[in-house]
Amino acid sequence: MNVIILDRQWWVTVLLCFWLIRIFSLREKMVLIVSVLVLIIASLFFMWQVNISKLATDYACNDKQVNIIGTVLADEITFNGNRYKMILENDKQEKIILFGNINSFESKKVLVSNIKTLKVQARVIFKPIQKTHNDGQFDLIKYYKTQNIVGNADVIELEKVDKISQINLISLLHMLRKVILKYFEKLPKYLRFYAETLIMGYARIDFYQENVGIATLGLVHLFSISGFQVGLFCAFIRFMLKKFYIFQEGIAVILIILLPLYFIFSGSLISLIRPIITAMMVEAKYIYPFKVTRLDVWSCSLLGGVFLEPSVLLTFGGQLSYLLAFGLIYVDKLNYWQQILLLNLLTLPVILSYTYQWHILVLGVNLILLPFFSYIIVPITIFGAVTFPFLPILSTIINQLIKWTNESIKIMAELPGLVVFGKPPVILALMALICTAVLLTQYKSRRIWLSLCTIYAISFGLIHNPMQNLVTFIDVGQGDSAIIKENNKITLIDTGGKLNFNFLKEEWQKPEKQQQAGADYSVIPYLKSLGIAKINQIILTHGDADHIGDLGVILAKFTVNEILVGWGMATDESLLKLQRRYHFKIISVKKDTLIKSNHLAVLMPYKKGSGKNQDSVVTTGNFGNKRFIFMGDLDQDGEKIIMHNYPTLHAEIIKLGHHGSKTSTNESFIRQLKPELAIISAGYKNRYGHPHQETLKTLEDNQVGWVNTAERGMITYKWNMFGDQWHTKLRINK
């Protein structure tokens, strides 16, 4: 019911029906009555959660300035250069993320040094929480729900900021957390990274940027505060209280009180819900002995988890936490390497569903690093962080050891073996999960092993040899990127990217943390969800950053055979620098060049250029039952040249030039092409006002329909021998 109501995954209804039949078949009246009652209560509770999680009508995104007042806890303000981000809670207990600029270095110093809860009054403009605009993209709305965040806003002015003198238990814990985080900032770099993450559950924006091997090898679970840290906390408190001769029952009572406070102090991480509830149940047995199995404890932690945080099962961390804990119940009798194998297989369907890839070294690395982290890295990190003021030399040595560990992980991650699997079909992922769960108790069953291998083979085959080909216009914001996938040959036309408007002069204003490229949220996850690890060719239409700015990021993640550029761009130094690093061919194209691998014909440029808009590479080709034409940022003068050179040219689908700007889309050009549909790739409420009304009027006058990525997200055309179809990621009501 949790997944059906909160995540609208209606296929789970099949599992619910199976569960009801199973309960009914037990012929136990009390079990049936209690189960149905719990189901009804849960349904009402989750439906109530859906209602309260909807965005408040007060936060309509109408570009009007509004005043808001609320409190901001000490540790819920972060900084990046002259930008700040704070989480404000209003009197309705609604959380809103505020983004703004700091006007002076003195103001930043005051905010950075603050360790108290703030009362904030601000004038803001609310922004929509971005929906998932592309397949494979991170779901920000779902993530915000897990954090109880109802909206975000740009701050026009912080009208009033006061420190609150009255302190309650919650604010005290957050103040203590802020003080410790400020202390950790003084630690050597790698010791600071590990201390913040392993002890406090705080991962900086740049943590995974500087530790890319951790994500590649699937070691994120080692850096999440979970059962191990909770067990360590309980052991430490128990050890200290025994020194004061406090009896067992008293220690249990104190721990039951302290564990929820530890949850708040650690940032209220979802991955902590299960181990906290489990630890409280274990301690309760010291107060009032009762007979429960490990499975009973796990089941209660699951029920408690979904009622305390209804979104816990909708998150990557929550799913991994409960799956690993479930697996640990049944693998005790197996040897160590068998345990690691089964636990990795148990989480594999979830990992593939979220990250779409898996490294073959994961099993071996976990075998080595799991005990190494548990018994060496975590203890020396805690020791180094605590002793830094007294023994800075020792902390420096520990920092070097952690650095070597980090570099070793990076080297292992760069070894061959990364398999871009793709996103498995939900049903097959579920079947793989069930098969692995059966293996927990039937490890030697050849039939189950064969079934599991068959499921993964079928999933891999369906992903990498799909029934349909496609042309997809990816929503990269104010930029361009399109994918052509035909007969397993991949062509990427432009990569997207951001124009740099950074005019910051003073050092304190400059970002300390590098923002992730737009491709990391759009192009890359989409390609990996399709199981793509190799791109046959990338066509760079011209040199603007919003078309080719993320080329380096793409090259770092995929093998690329060829890059095609317009006549005159092949000698660009930045492109040659990338070629020396990633070893691809650079091919110069011009009018009448035929790209054989995907049957695209080049219409422009007709002369040597320098990568400006007028030099855009324009291509056309037949895909399915439609002829497409991709215009880059070609202007109207260039369109007239195409009309002159190709007087009989027609195309059913046109990707409009220059994001729908009035500088492109000449009416005579549209009349000649006679398109059925125009695709516009533009950013939501972009600063240029694209698409311009003049362009839309030209389309309307010539009875050409249009679709904009800013409104519809990713736009995909699929075809096979049975026909073709269009699909957009978002639906809009007009």
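In what follows, every heavy atom counts, from backbone to side chain, and hydrogens, waters and symmetry copies are set aside.
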State, without any angle test, whether T491 and Q537 hold a side-chain donor-acceptor pair at a distance under 3.5 Å.
yes

Report yes if the distance between the aromatic ring centroids of Y354 and F316 is under 6.0 Å, otherwise no.
yes

Under a 3.5 Å distance rule, please check whether N114 uses its side chain to pair with a backbone N or O of L111 as donor and acceptor.
no

Does E652 reach the main-chain N or O of R627 with its side chain, forming a donor-acceptor pair under 3.5 Å?
yes

Taking atom types as modelled and ignoring hydrogens, do the side chains of Y646 and D592 form a donor-acceptor contact shorter than 3.5 angstrom?
yes

Side chains of D494 and S481: is there a donor and an acceptor less than 3.5 Å apart?
no

Between Q636 and N666: side-chain donor-acceptor atoms closer than 3.5 Å:
yes

Residues S104 and S107: side-chain donor-acceptor under 3.5 angstrom:
yes

Donor + acceptor pair across side chains of N702, R671 (<3.5 Å):
no

Can you name the closest pair of heavy atoms from A533 and V420 and give their distance?
CB-CG2, 3.7 Å

Does the separation of the ring centres of Y143 and F138 fall below 6.0 angstrom?
yes

Distance-only side-chain donor-acceptor flag, Y526 / T472, under 3.5 Å:
yes

Indicate whether the side chain of H659 and that of S681 have a donor and an acceptor atom separated by less than 3.5 Å.
no

Using a distance-only test with no angle check, is there a side-chain donor-acceptor pair under 3.5 angstrom linking Y717 and D724?
yes

Heavy atoms only: give me the nearest P691-N708 pair and the separation to one decimal.
CD-ND2, 3.5 Å

Does one side chain, of H547 or D633, offer a donor that lies under 3.5 Å from an acceptor on the other?
yes

Kindly indicate whether the side chain of L656, heavy atoms from C-beta on, has any atom under 4.5 Å from the side chain of I679.
no

